[in-house]
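We name chains A, B, ... by the order of the sequence lines, and we start the count at 1 in each one.
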Amino acid sequence: MTTPLPPHDPREPDETLPGEAELAALYRQLPQHEPGPALDAAVLRAAAQALETDGAQRTVAVERRKAPRERGDWVHPKPATRAAPAGSARKLRPRWLVGLSSAAALVLAAGLAWRMHESPRTESAPVASGSVAPAQAEATAAASNAPASPAPAAAPPEQAASPPPAAAPPAPMAARPRRTVADQQAASAVREGRSTGATLRAAAEANAQAGSETAAKAANPVAAEAAAGTPSMQATMAAAPAPPATADTAANAGDTPAQELDKIRQLFAQGHDDEAQQRLAAFRHAHPQWKLPPELQAKLRQP
Amino acid sequence: MDAAVDPDAMLMLAYARGDLAAFEALYARHRGMLYRFLLRSVRDPHRSDELFQETWSRVISARARYQPQAKFSTWLLQIAHNLMIDGARRQRPMVDGDEAETALANLATPEQDQPDHALSEFERRRGLQRAIEQLPDEQRTAVLLRLEQELSLEEIAAVTGAGRETVKSRLRYAMTRLREVLSE
């Protein structure tokens with residue numbers, strides 16, 4: 001832009017060329033032309049306008065420095081340049097909001113997916129262990145200890161195969177874990193029952209209570225779903241035809257071993273020794289490890 | 001003259017800070033010599049007006065970047081010279097010969113300078129003017145900067161972008177030619 005100063009000092013007399021003084025004197029006598037007033041006005045007007053532009057830019061810059069920081073403008077908090085028009089700031093804001101909303105939507109979707117993935121495991125356990133699973137486990141344990149009753153075999157195939165109305169629609173996904181948990185608890189109950197008879201007796205009593213609560217279970221859809229998953233003995237027995245014996249001593253697959261033994265005692269007491277012997281033999285066959293009372297043990301040993 | 005104490009540079013710096021009066025003073029000091037330099041170089045009044053205005057526009061635009069590393073007049077003439085060279089490169093035909101003489105003669109001349117009372121002096125000035133116009137461009141520019149602006153060899157070299165000895169040689173040839181014309 002600017003020219004460096006020459007090494008020669010201009011204040012020192014420069015080297016004078018031959019005839020220069022005469023030519024210089026004659027040149028100074030030439031007409032001294034000057035620019036016109038219009039040209040002067042144009043130049044001065046341009047200079048004034050340049051200063052006005054500077055003042056306007058400086059004012060805008062100062063106002064912007066004094067202004068609060070624009071929201072979302074972290075890259076250029078307060079630049080000294082001219083403030084951007086309102087339209088550009090408005091264009092930046094949606095871009096920022098779109099990014100934030102997208103991230104929030106992703107986090108929400110991931111959380112919901114994780115929650116849905118975890119919910120069957122976390123929610124089924126208390127439900128299964130609360131009301132349905134104990135009853136189902138007791139029923140399964142009783143069924144496993146009960147003799148192979150001819151009643152289920154005698155039941156009509158269509159009735160045995162058809163589940164209760166509550167089980168007609170396909171079971172939802174949440175029912176499967178519950179069923180699995182109930183089966184596991186039933187198996188554990190069976191193991192416990194094989195080890196201790198007292199526990200089985202208590203389970204039999206509980207099963208009797210559960211039998212009385214069958215209607216309530218039918219009203220409960222969760223219990224119905226759980227019962228529909230396995231071929232429940234209760235459902236099968238409910239569909240079986242009534243046996244020819246009296247109601248008190250009739251064989252019932254839903255009976256616990258203790259109840260069956262009581263009925264066998266009643267049969268012996270009523271004089272139906274043949275039927276009692278058959279049922280006692282069947283009981284012994286079904287429950288070989290069951291410790292029989294001494295009087296029944298004696299009856300069993302008799303030919 | 002030291003650029004640091006150059007009053008023109010001080011005025012230019014004051015204008016850069018927003019002092020319009022400083023620019024007006026600066027313009028008043030240099031308007032005549034710049035206009036004459038341009039007029040006698042291009043020999044076209046309209047072209048001279050354009051170059052004159054364009055030169056000052058460059059000065060105004062460069063006010064924020066101006067640093068007084070040289071005399072203001074040298075910087076101003078350098079801008080004008082570069083603009084003039086750019087115009088010549090664009091093949092803009094220059095007025096020369098009798099047309100240029102007519103154009104310069106038609107410009108307003110002070111009444112006291114009219115040749116009615118001093119015909120011999122008039123003839124000499126007219127002869128000098130024609131001789132300057134007939135010089136090659138580089139020699140004419142060097143002579144005008146020397147006689148009109150009274151610049152040193154180094155300053156002329158800075159304005160024209162030539163070496164000092166080159167400027168000196170151009171001036172020698174130009175002045176020899178002018179003396180020959182005037183002695184005829």
Side-chain angles (χ1 to χ4, degrees), chain A residues 1-65 79-83, chain B residues 1-3 15 18 20 23-24 27 31-32 34-36 39-40 49 52-53 56-57 60-71 74-75 78 104 107-110 113 121 124-125 128-129 132 143 146-148 150-155 157-159 164 168 171-172 175-176 178-179 182:
Chain A
M1 179 182 67
T2 55
T3 305
L5 286 174
H8 177 75
D9 189 357
R11 286 171 294 189
E12 295 178 359
D14 199 8
E15 184 178 357
T16 305
L17 298 174
E20 182 180 352
E22 181 188 3
L23 289 174
L26 188 60
Y27 184 87
R28 290 189 198 95
Q29 295 178 4
L30 291 177
Q32 300 295 310
H33 304 293
E34 291 190 347
L39 204 53
D40 291 341
V43 172
L44 294 176
R45 186 168 55 249
Q49 287 177 353
L51 288 184
E52 290 175 1
T53 306
D54 281 353
Q57 290 180 351
R58 199 174 298 120
T59 303
V60 170
V62 169
E63 287 176 355
R64 178 162 172 77
R65 286 192 203 101
T81 57
R82 171 174 281 201
Chain B
M1 182 181 292
D2 190 1
Y15 170 63
L20 183 59
F23 180 84
E24 291 173 352
Y27 177 75
R31 55 188 283 277
L34 176 65
Y35 185 79
R36 286 188 292 273
L39 179 64
R40 287 168 182 161
D49 289 354
F52 179 82
Q53 195 166 354
W56 284 108
S57 296
I60 292 169
S61 300
R63 65 192 179 281
R65 305 187 303 271
Y66 176 74
Q67 292 181 358
Q69 296 178 354
K71 282 177 63 178
T74 305
W75 179 53
Q78 191 177 26
L104 290 173
L107 292 173
T109 305
D113 292 338
E121 287 299 318
R124 283 175 60 85
R125 290 197 300 270
L128 177 63
Q129 193 166 323
I132 292 174
V143 164
R146 183 74 171 186
L147 299 180
E148 175 72 33
E150 298 180 351
L151 298 184
S152 65
L153 295 178
E154 288 77 10
E155 288 171 336
V159 170
R164 181 180 184 277
K168 187 176 180 180
L171 284 175
R172 284 184 182 275
M175 291 185 177
T176 302
L178 292 179
R179 283 200 308 272
L182 291 176

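- In this structure, the portion of B/E150 lying under 4.5 Å from any heavy atom of chain A is its side chain and not its backbone.
- Proximity of A/P35 to B/W56: side-chain heavy atoms (C-beta onward) are nowhere separated by under 4.5 Å.
- Of the two parts of B/L34, neither the backbone nor the side chain holds a non-hydrogen atom closer than 4.5 Å to a non-hydrogen atom of chain A.
- In this structure the side chain of B/F23 never reaches within 4.5 angstrom of the side chain of A/L51, judged on heavy atoms.
- Atoms CD and CG, from B/Q129 and A/L26 in turn, are 10.5 Å apart once rounded to the nearest 0.5 Å.
- Nearest heavy-atom pair across A/A42 and B/Q53 is CB-NE2, 3.4 Å.
- Across all non-hydrogen atoms, the minimal contact from A/A50 to B/I60 is CB-CG2, 3.5 Å.
- Proximity of a side-chain donor or acceptor of A/Y27 to a complementary backbone N or O of B/V143 within less than 3.5 Å is not detected.
- Rounding to the nearest 0.5 angstrom, the gap separating the NE2 atom in A/H33 from the CZ atom in B/R40 is 5.5 Å.
- Across every non-hydrogen atom of A/A47 and B/Y15, the tightest pair is O-OH, 3.0 Å.
- Of the atoms belonging to B/L128, it is side-chain heavy atoms, and not backbone ones, that fall under 4.5 Å from chain A.
- For a residue to count as touching a neighbouring chain, one of its non-hydrogen atoms must lie under 4.5 Å from one of that chain's; by this rule A/E20 touches chain B with backbone and side chain alike.
- In terms of heavy atoms, A/L23 sits closest to B/L182 at CD2-CD1, 3.5 Å.
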